[in-house]
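Starting from 1, each residue takes its place in the sequence as its number.
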Amino acid sequence: MHLLFRTLWLLFASRRRAKVSIWDSTSLPQRVQLTDIDIAMHVNNGMYLSLMDLGRFDLMIRSGIWKLMRRKGWTPVVNAETITFRKSLQLGQRYTIETRIMGFDERAIYFEQRMVHGGEIYARAYIATRLLSSNGPVSNAEIFEAMGNPPADMALPEWIHEWRINTALPSTRRPALHDWVR
């Protein structure tokens, strides 16, 4: 909820920023807010992934894809994510959220995102996303028809495929039973 106002502002402000291709890397300037930190006075570990949502929205808005998705009734959802931390962002510190699409497979669009300050990576995340419509997941064929084909040299690293397989939960059509507590 605390990012709602920043997200609404971003939906307005990103329209005024330079246009980009959906295949470009983008940089979104930010400053650590009071609502971003925890009792240790640095950005809370869970907050990084919420802040990275802003970077993906900025890319989608500036590329015109957000408007296209809304028109088609497509909704982006995160399916899997992993993050690694290197340094802590502190209250009031300026940083950028760097965002790029890494590639696709038959189930997901993969993003790499970084929190950067002073040219140094403070945190890096990999996010698997999907586009959903009222009919279910949107196929790559539909996505590429609407957005254009990705660059020919865009290829996912093999470890991303392995990560995806090794961390997947069963389909929503199958049970995923929890048995830790009896």
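Of all the heavy atoms in His117 and Tyr95, the pair that sits closest is CB-CB, 4.4 Å. When all heavy atoms are compared, the tightest approach of Gly148 to Trp23 is O-CZ2, 3.3 Å. Closest approach of Arg6 and Gln30 over heavy atoms only: NH1-OE1, 3.8 Å. Looking at every heavy atom in both residues, Met154 comes nearest to Gly103 through SD-CA, 3.6 Å. Across all non-hydrogen atoms, the minimal contact from Leu59 to Ser63 is O-OG, 2.9 Å. Shown here for Asp36 and Arg31, the closest heavy-atom pair between the two residues is OD2-O, 4.1 Å.
The only option from Asp38, Leu3, Ile37, Val32 that meets the side chain to side chain contact (heavy atoms under 4.5 Å, CB included) definition with Met47 turns out to be Leu3.
Using a 4.5 Å heavy-atom cutoff, the side chains of Arg15 and Ile61 are in contact. Residues Val138 and Arg130 fail the side-chain proximity criterion, which asks for heavy atoms closer than 4.5 Å. No side-chain heavy atom of Leu132 sits under 4.5 Å from any side-chain heavy atom of Trp74. Residues Met41 and Ser88 form no side-chain contact, since every pair of their non-hydrogen atoms from C-beta on lies 4.5 Å or further apart. Using a 4.5 Å heavy-atom threshold, the side chains of Arg100 and Phe111 count as separate. Residues Met52 and Gln113 form a side-chain contact, since some pair of their non-hydrogen atoms from C-beta on lies under 4.5 Å apart. Contact annotation: the side chain of Pro76 approaches that of Met69 to within less than 4.5 Å [non-hydrogen atoms, C-beta and beyond]. In this structure the side chain of Val116 never reaches within 4.5 angstrom of the side chain of Glu120, judged on heavy atoms.
Taking a 6.0 Å sphere around CZ of Arg86, one finds it holds more than 12 heavy atoms contributed by other residues, nucleotides or ligands. Taking a 6.0 Å sphere around CZ of Arg70, one finds it holds more than 12 heavy atoms contributed by other residues, nucleotides or ligands.
Of the inter-residue distances, the one linking Ile101 atom CD1 with Ile65 atom CD1 reads 8.0 Å to the nearest 0.5 angstrom. For the atom pair CD (Gln33) and CD (Gln93), the distance works out to 12.5 Å, reported to the nearest 0.5 Å. If you take CE on Met102 and CD1 on Ile127, they are separated by 10.0 Å, rounding to the nearest 0.5 Å. With rounding to the nearest 0.5 Å, the separation of CG in Leu156 from CD1 in Ile109 is 11.0 Å. The structure places OG1 of Thr26 at 11.0 Å from CZ of Arg56, a figure rounded to the nearest 0.5 Å.
Judged by distance alone, with hydrogens and angles left aside, the side-chain atoms of Ser14 form no donor-acceptor pair with the main-chain N or O of Leu11 at under 3.5 Å. Distance alone, capped at 3.5 Å, places no donor-acceptor pair between the Thr129 side chain and the Val78 backbone. Of the possible polar contacts, none joining the His42 side chain to the Leu91 backbone as a donor-acceptor pair under 3.5 Å is found. The closest donor-acceptor contact from the side chain of Glu162 to the backbone of Trp159 lies at 3.5 Å or more, if one exists at all. Counting only distance, with no hydrogens or angles, the side chain of Asp24 and the backbone of Ser21 share a donor-acceptor pair below 3.5 Å.
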Yes or no on side-chain contact (heavy atoms from CB on, under 4.5 Å) for Asp53 and Thr7, after CA distance, side-chain angles and deciding distance?
CA-CA 9 Å; Asp53 286 345; Thr7 303; over 6 Å; no
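Between His178 and Trp180, the distance separating the two ring centers is shorter than 6.0 angstrom. A centroid separation of 6.0 Å or more is found between the aromatic rings of Tyr126 and Trp163.
Remark: the Asn79 side chain and the Arg164 side chain contain an N/O donor-acceptor pair separated by less than 3.5 Å. A donor and an acceptor atom, one from each side chain of Arg124 and Tyr122, are nowhere located under 3.5 Å apart. In this model, a donor atom of one side chain and an acceptor atom of the other lie less than 3.5 Å apart for Thr96 and Glu98. Defined by atom type and a distance below 3.5 Å, a donor-acceptor pair is present between the side-chain atoms of Asp105 and Tyr110.
A salt bridge links Arg17 and Asp58; the closest N-O separation between the charged side-chain nitrogens and carboxylate oxygens is under 4.0 Å. Ion pairing between a basic and an acidic side chain is recognised when a charged N comes within 4.0 Å of a carboxylate O; Glu112 and Arg114 show such pairing.
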